[in-house]
Amino acid sequence: EQTWQTLFGDAVEPIEAAPGDPTGVRATVSIQGAWQGRVIVDYSPGAAEAIACSLLEAKPGEIDAEAIRDAAGEMANILAGNLKSMVPQP
């Protein structure tokens, strides 16, 4: 939540979403090391575009689907990195 607010200035509001929504964007990051895990983030199409616009300093409609997927992956990577730093290391 802190990472999200730092990057975007908005509070995180969890919602119930249909798993594997075919219209959305899914980003997956595997974490290896002292422990192993996977961070999976599902974005609605609008949320994925909003994140991409924020990260790329663009306006809605100015970026293509590939840039939106890349930005969603980068955001998942940032979240996974923050998660990994909070988990105790052996």
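Residues take their numbers from the sequence shown, with the count starting at 1.
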Working to the nearest 0.5 Å, report the span between CE of Met75 and OH of Tyr43.
6.0 Å

Separation between CD1 of Ile40 and CZ of Arg38, rounded to the nearest 0.5 Å:
6.0 Å

Quick one: CG on Leu56 to CD1 on Ile51, what's the gap to the nearest 0.5 Å?
11.0 Å

CD1-CG distance between Ile78 and Leu55, expressed to the nearest 0.5 angstrom
6.0 Å

Test item: Glu62 side-chain N/O and Lys59 main-chain N/O as donor-acceptor pair under 3.5 Å:
yes

Looking at Ala80 and Val39, what are the two nearest heavy atoms and their distance?
CB-CG2, 3.7 Å

So, for Val25 and Ala72, which heavy atoms are closest and what is the spacing to 0.1 Å?
CG1-CB, 3.7 Å

How far does OG1 of Thr28 sit from CG of Asp42, to the nearest 0.5 angstrom?
8.0 Å

Calculate, to the nearest 0.5 Å, the distance between atoms CD and CD1 belonging to Glu57 and Ile63 respectively.
12.0 Å

Going by side-chain contact (heavy atoms from CB on, under 4.5 Å), name the residues that satisfy it together with Gln36, two or more places apart in sequence or in a different chain.
Gln32

Search all heavy atoms of Pro60 against all heavy atoms of Cys53 and return the closest pair with its distance.
N-SG, 3.5 Å

Return the minimal non-hydrogen interatomic distance between Gly73 and Ala27, and the atom names on each side.
CA-CB, 3.8 Å

State whether the side chain of Glu49 and the backbone N or O of Gly61 hold a donor-acceptor pair below 3.5 Å, judged by distance alone.
yes

